[in-house]
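These notes concern the structure reproduced below.
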Amino acid sequence: SRREGFSAVPNIKWDDVGGLHLLRQEFDRYIVRRIKHPEDYEDFGVDLETGFLLYGPPGCGKTLIAKAVANEAGANFIHIKGPELLNKYVGESELAVRTIFSRARTCSPCILFFDEVDSLTTKRGKEGGWVVERLLNQLLIELDGADQRRDVYVIGATNRPEVMDRAVLRPGRFGKLLYVPLPTPDERGMILKALARKKPIDASVDLMAIGKDTSCENLSGADLSALINEAAMTALEDKLTSSSKSSDGTSWTIQDTHFERALKKIS
Ligand code: ATP
């Protein structure tokens, strides 16, 4: 696995993200164009937030968007997992926080992504105890140093914003809150299309219709990814178990029947 704080421009493109158009617009304004046209932003004296909190149910694309934003902006991406940071450096997590921000500054433009950020920022005096408290204080110091960290953008992600200390949600910290909801029926179709780009889906399959189907109600992006993967697996098994049929020259694709079987399996 990659070392902590490994930075690179991610290879997730906006085409890999289904739906979430409003979020894309927000991030274009707040990050992508600002990295691409810094002089213009400066000339117009626009002062915008550099810290964001993505919140909402699991598996709806928080990590994916953050990576796509970095890719689009040509920025480096540092992925920090909250619980890991907390547990791996017992007694040294404050130093780890300082190191992470300093690394982000040296590889700017950079997106610093804190996954499960709630674990680092639980309300003081509650769950975490003094380890979390000291770490949180260090994090606040770093976040408040935003002036010195030009072109470092901080994005946190959480499924439980309600447990977070209010202090971290102030402007200049994780100041801009963005909700990442479960997909609508149309968005489910768009997510399936995004996920299908690298799979041999038969031309007869209507992914928008599958997305709108009631059997897909309440599925997250991660669930839809599991669905399409299961459909692909089912199609592959069909191919591998019927060697006689494959000799007629028709190519094997993922068809409606595979999606139907996959839906039964995952639901
Ligand atoms: P968690 O809160 O569990 O960390 P998350 O919101 O960060 O979840 P992601 O890790 O971004 O979710 O999504 C998990 C996977 O689900 C993605 O790698 C992708 O395959 C699929 N997925 C989720 N949302 C989308 C989407 N909007 N478009 C395309 N794929 C998606």
Side-chain angles (χ1 to χ4, degrees), residues 2 4-32 35 48-73 75-86 100 104 109-122 139 143 152-165 168-169 173-184 186-195 197 211 216 218-229:
R2 289 173 166 176
E4 188 82 45
F6 178 89
S7 70
V9 179
N11 58 6
I12 302 289
K13 301 218 169 14
W14 264 112
D15 286 349
D16 296 316
V17 183
L20 302 172
H21 292 114
L22 280 173
L23 276 161
R24 177 180 181 162
Q25 277 176 24
E26 293 282 58
F27 279 128
D28 271 339
R29 281 185 102 194
Y30 279 84
I31 302 183
V32 178
I35 287 176
L48 289 175
E49 186 62 69
T50 58
F52 308 83
L53 183 72
L54 297 174
Y55 67 100
C60 291
K62 296 186 283 298
T63 310
L64 207 62
I65 311 166
K67 286 185 175 168
V69 168
N71 174 289
E72 189 109 329
N76 281 307
F77 186 81
I78 298 182
H79 192 161
I80 303 296
K81 298 184 173 107
E84 251 175 49
L85 181 63
L86 200 58
I100 286 162
C110 178
I111 307 243
L112 189 45
F113 181 67
F114 287 94
D115 214 349
E116 300 182 61
V117 70
D118 49 276
S119 62
L120 306 174
T121 57
T122 41
L139 191 59
L143 290 170
V152 173
Y153 296 85
V154 182
I155 303 180
T158 180
N159 307 322
R160 9 173 248 162
E162 67 283 353
V163 305
M164 290 175 65
D165 198 295
V168 293
L169 305 180
R173 296 174 174 174
F174 293 100
K176 186 151 178 73
L177 307 190
L178 298 166
Y179 182 55
V180 185
L182 272 178
T184 63
D186 271 331
E187 285 170 335
R188 291 198 298 261
M190 291 184 243
I191 292 173
L192 285 172
K193 282 182 151 184
L195 292 165
R197 290 198 309 135
C216 286
N218 292 321
L219 295 192
S220 68
D223 296 331
L224 293 166
S225 168
L227 170 67
I228 209 161
N229 212 38

Side-chain donor-acceptor contacts of residues 54-68 below 3.5 Å, not counting sequence neighbours, with atom names and distances?
| from | atom 1 | to | atom 2 | distance (Å) |
| --- | --- | --- | --- | --- |
| Lys62 | NZ | Gly56 | O | 3.2 |
| Lys62 | NZ | Pro57 | O | 3.0 |
| Lys62 | NZ | Asn159 | OD1 | 3.3 |

Check: Arg173 side chain, Val168 main-chain N or O, donor-acceptor pair, under 3.5 Å: no
Using every non-hydrogen atom in the two residues, find where [X] and [Y] come nearest and quote the distance to one decimal.
{"X": "Cys216", "Y": "Leu227", "result": "SG-CD2, 4.3 Å"}
{"X": "Arg188", "Y": "Asn218", "result": "NH1-N, 3.8 Å"}
{"X": "Ala104", "Y": "Cys110", "result": "O-CB, 3.6 Å"}
{"X": "Asp15", "Y": "Ala194", "result": "O-CB, 3.5 Å"}
{"X": "Asp115", "Y": "His79", "result": "OD2-NE2, 3.2 Å"}
{"X": "Ser119", "Y": "Leu86", "result": "O-CD2, 3.7 Å"}

Rounded to the nearest 0.5 Å, how far apart are [atom1] of [X] and [atom2] of [Y]?
{"X": "Leu178", "Y": "Glu26", "atom1": "CG", "atom2": "CD", "value": "6.0 Å"}
{"X": "Lys81", "Y": "Leu120", "atom1": "NZ", "atom2": "CG", "value": "13.0 Å"}
{"X": "Phe174", "Y": "Leu139", "atom1": "CZ", "atom2": "CG", "value": "5.5 Å"}
{"X": "Asp28", "Y": "Leu23", "atom1": "CG", "atom2": "CG", "value": "11.0 Å"}
{"X": "Tyr153", "Y": "Glu49", "atom1": "OH", "atom2": "CD", "value": "11.0 Å"}
{"X": "Glu116", "Y": "Leu85", "atom1": "CD", "atom2": "CG", "value": "12.0 Å"}

Arg24 and Val17: CA distance, side-chain angles, deciding distance, side chain to side chain contact (heavy atoms under 4.5 Å, CB included) verdict: CA-CA 10 Å; Arg24 177 180 181 162; Val17 183; over 6 Å; no
Working for side chain to side chain contact (heavy atoms under 4.5 Å, CB included), residues Asp16 and Lys13: CA-CA 5 Å; Asp16 296 316; Lys13 301 218 169 14; 3.8 Å; yes
Sole residue of Ile78, Ile31, Val154, Val9 in side-chain contact (heavy atoms from CB on, under 4.5 Å) with Ile111: Ile31
Taking the side chain as every heavy atom from C-beta outward, state whether [X] and [Y] have any pair of such atoms under 4.5 Å apart.
{"X": "Lys176", "Y": "Leu48", "answer": "no"}
{"X": "Asn71", "Y": "Ile12", "answer": "no"}
{"X": "Phe114", "Y": "Thr158", "answer": "no"}
{"X": "Tyr179", "Y": "Leu177", "answer": "no"}
{"X": "Thr50", "Y": "Val152", "answer": "no"}

